[in-house]
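Worksheet for the structure shown next.
None of these values were measured; they are calculated from a predicted model.
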Amino acid sequence: MAYTEYKKMNTKNKITLCSFAGLCGLILTSCSHLGPGTVSTDRFDYSTAIANSWKQQTLLNIVKLRYLDLPVFVDVASIVSGYSMETSLSGGQSWPDDVISLGGSAKFTDRPTLTYVPMTGEKFLRGMITPIEPKNIFFMLQAGYAADFILALTVESLNGVRNRSATAGSMREADPEFIRALELLRDVQAAGAVGMRVEESKDKKQTAVLFFRRDDIPQEIVDKATEIRKLLKLPVNQQKLVLTYSPMHGEDNELAVNSRSLLQIMGAFATYIEVPEAHLKDQSAVPSFENSKNNKPAVKIHSGRIKPLDTYASVFYRGHWFWIENNDWRTKRALTAVMFFFTLADTGTPDKLPLITIPAQ
């Protein structure tokens, strides 16, 4: 009888100890290799959040410029994502009652720390108001961006032929020669008949050169290239042009590019905002330009009181929503280009600025 009771008790202890071992194994397995498993999730989640916030920040500052409000940029300086896993196990056995007690606990902590840097200072401001170098603009054409789109957004004039421009609350339409030249340049670009290279002189000075090709090019494209030179008041037989920054007509071998600054590019984009009627009446926004000759604008930023659905980017400002439709690829392309121009502008890294570090609980 005693042997039978001892055997039952021993079997019970074995079962309990096996359960305890299983619990230990489960806790230890759950906390092994915690870091690598979070990389794919965290990288894409954070990159998506930063991209969306960058779009919203850019759109908001474009809208604020239409209201003559101060644009403010805040950069995400760093993201430190910290994880911790704490586990504890306990067990005991008492005699003579032979009672076994088991215990276990686990604590998981996810504590990311985000650091924000307000973009300000002399270097940042200088980068915002300094015209983008002409060679950087034409390098984008070389990379495959459409010539008519890029030049219409980034250039005030080419060799004195003026683009559409809005300054001091008034708008000036583009010269017909400018519009026609961009249309032709797009065709010439698609045919591969125009290119750019950087030449270096003996004194190590770099010069950006735009050139038109004539070899193995259809006559139709050659004629279009000739018409471009006529429209821009360039010598008809000039095949190589040095890119220079100037608002005036250049030398015979120069293409004078009056490029815009990042602030001007954003201001030009702001002219396509659909400003609420109430804001026009109270004169809180710059007057609208819908009555211009171009009745069908290439890009458009919508507005309304109800929050829109399925948008590319949307922001809330002065009691109204402003947004870009998700199916409006032209406006999406323009906003993305503005964000890209921000990297081309030498805004630099602000020095000795306050850092705002926020532990996200």
TODO: Determine whether Leu185 and Asp148 make a side-chain contact, defined as any pair of heavy atoms from C-beta on separated by less than 4.5 Å.
DONE: no
Taking the side chain from Asn253 and the backbone from Leu241, do they hold a donor-acceptor pair closer than 3.5 Å?
no
#### Entry: N/O donor-acceptor pair under 3.5 Å between Gln238 side chain and Lys240 backbone
yes
Query raised in the report: Where do Thr58 and Leu335 land on the side chain to side chain contact (heavy atoms under 4.5 Å, CB included) test, with the steps shown first?
Result: CA-CA 8 Å; Thr58 304; Leu335 183 68; 3.8 Å; yes
Go through the side-chain N and O atoms of Gln219 and Asp223 and say whether any donor and acceptor fall under 3.5 Å apart.
yes
Rounded to the nearest 0.5 angstrom, the CG-CD distance for Leu151 and Gln189 is 8.5 Å
Rounded to the nearest 0.5 Å, the CD atom of Glu274 sits from the CD1 atom of Ile301 at a distance of 10.5 Å
Review point. Should the pair Glu183-Arg180 be classified as a salt bridge under the 4.0 Å nitrogen-to-oxygen rule?
Key: yes
TODO: Report yes or no: is the cationic atom of Arg333 (NZ for Lys, CZ for Arg) closer than 6.0 Å to the six-membered ring centre of Phe149, at no more than 45° off its axis?
DONE: yes
request  = For Thr48 and Asp45, indicate whether the former's side chain and the latter's backbone hold a donor-acceptor pair under 3.5 Å.
outcome  = no
Should Trp321 and Val315 be regarded as members of a common hydrophobic cluster, given that ILVMFWY residues are connected when their side-chain heavy atoms come within less than 4.5 Å of each other, either directly or indirectly?
no
So OG1 of Thr226 and CZ of Phe212: to nearest 0.5 Å the spacing works out to 9.0 Å
Rounding to 0.5 Å, atoms CG (Leu262) and CD1 (Ile129) come to a distance of 11.5 Å
message: With heavy-atom distances below 4.5 Å as the criterion, would you say the side chains of Glu325 and Lys332 are in contact?
response: no
What one should report as the nearest heavy-atom pair of Arg66 and Ala270 is NH1-O, 2.8 Å
Residue pair Arg260 / Ser165, side-chain donor-acceptor N/O under 3.5 Å: no
Output for pair (Asn258 CG, Ser246 OG), nearest 0.5 Å, gives 7.5 Å
ask   = Is it true that Ile265 and Leu263 fall in one hydrophobic cluster, defined by side-chain heavy atoms closer than 4.5 Å?
value = yes
Between Ser314 (side chain only) and Thr311 (backbone N and O only), is there a donor and an acceptor less than 3.5 Å apart? no
- Message: Can you classify the ring geometry of Trp323 versus His302 as parallel (below 30°), tilted (30 to 60°) or perpendicular (above 60°)?
- Response: parallel
Quiz item: Do Arg164 and Thr271 come within less than 4.5 Å of each other through their side chains, counting heavy atoms only?
Solution: yes
| message | Keeping Asn326 on the side-chain end and Asp310 on the backbone end, is there a donor-acceptor pair under 3.5 Å? | response | no
Using only atom types and a distance under 3.5 Å, with no angle test, would you say the side chain of Arg229 pairs donor to acceptor with the backbone of Val236? yes
In this structure, CG of Leu182 is separated from CG of Leu158 (nearest 0.5 Å) by 6.5 Å
Is it true that the side chains of Ser259 and Glu156 contain a donor and an acceptor less than 3.5 Å apart? no
Discussion item. Which label fits Phe340 and Tyr145: parallel for a plane angle under 30°, tilted from 30 to 60°, or perpendicular past 60°?
Written reply: parallel
- Salt-bridge present (Lys224, Glu220; N to O < 4.0 Å): yes
Practice item. Measure from NZ or CZ of Arg330 to the centre of the six-membered ring of Tyr272, then state whether that distance is under 6.0 Å and the direction lies within 45° of the axis. Key: no
> Quick one: does Tyr67's side chain get under 4.5 Å of Leu65's, heavy atoms only?
Replying inline: no
Between Leu231 and Ala181 the two heavy atoms that sit nearest each other are CD1-N, 3.7 Å
_Would a single hydrophobic cluster contain both Met119 and Leu125, if residues Ile, Leu, Val, Met, Phe, Trp and Tyr are joined by side-chain heavy-atom contacts under 4.5 Å?_
yes
Is the backbone of Val72 close enough, under 3.5 Å, to the side chain of Asn61 for a donor and an acceptor to pair up by distance? yes
Ring-face cation contact, Tyr312 with Lys55, 6.0 Å cut, 45° max = yes
Pair Arg162-Phe178, side chain to side chain contact (heavy atoms under 4.5 Å, CB included): steps then yes or no
CA-CA 6 Å; Arg162 301 181 300 179; Phe178 185 88; over 6 Å; no
All heavy atoms of Val275 vs all of Ala285, minimum pair found to be CG1-CB, 3.8 Å
Hey, do the aromatic rings of Phe322 and Phe316 have their centres closer than 6.0 Å? no
Query raised in the report: Does some side-chain heavy atom of Leu114 sit less than 4.5 Å from a side-chain heavy atom of Val76?
Result: no
> If Ile, Leu, Val, Met, Phe, Trp and Tyr residues are connected whenever their side-chain heavy atoms lie under 4.5 Å apart, and connections chain through other members, are Leu153 and Ile179 in the same group?
Replying inline: no
query = Counting only N and O atoms by type, is there a donor-acceptor contact under 3.5 Å from the side chain of Glu177 to the main-chain atoms of Val161?
reply = no
Heavy atoms of Phe269 and Val299 approach each other most closely as CE2-CG2, 3.9 Å
Can you confirm whether more than 12 heavy atoms, excluding those of Glu251, are under 6.0 Å from its CD atom?
no
Item checked: side chain to side chain contact (heavy atoms under 4.5 Å, CB included) between Arg197 and Phe211, intermediate numbers included -> CA-CA 8 Å; Arg197 64 173 178 262; Phe211 59 91; 3.5 Å; yes
Hey, is the main chain of Ser261 close enough, under 3.5 Å, to the side chain of Gln264 for a donor-acceptor pair? yes
- Below 4.5 Å, heavy atoms only, C-beta onward: do Lys64 and Leu70 meet side chain to side chain? no
task: Given side chain to side chain contact (heavy atoms under 4.5 Å, CB included), test Glu133 with Tyr245 step by step and report yes or no.
output: CA-CA 7 Å; Glu133 286 192 43; Tyr245 171 79; over 6 Å; no
Note: Met140 and Phe341 closest approach over all heavy atoms is SD-CE2, 3.2 Å
ask   = Is there a path of hydrophobic side-chain contacts, each under 4.5 Å between heavy atoms of I, L, V, M, F, W or Y residues, that connects Ile132 with Val209?
value = no
Correct closest heavy-atom pair for Asn159 and Lys233 would be ND2-O, 3.7 Å
Tyr46 meets the ring pair (Phe, Tyr, Trp, His ring centres under 6.0 Å) criterion, sequence neighbours left out, with none
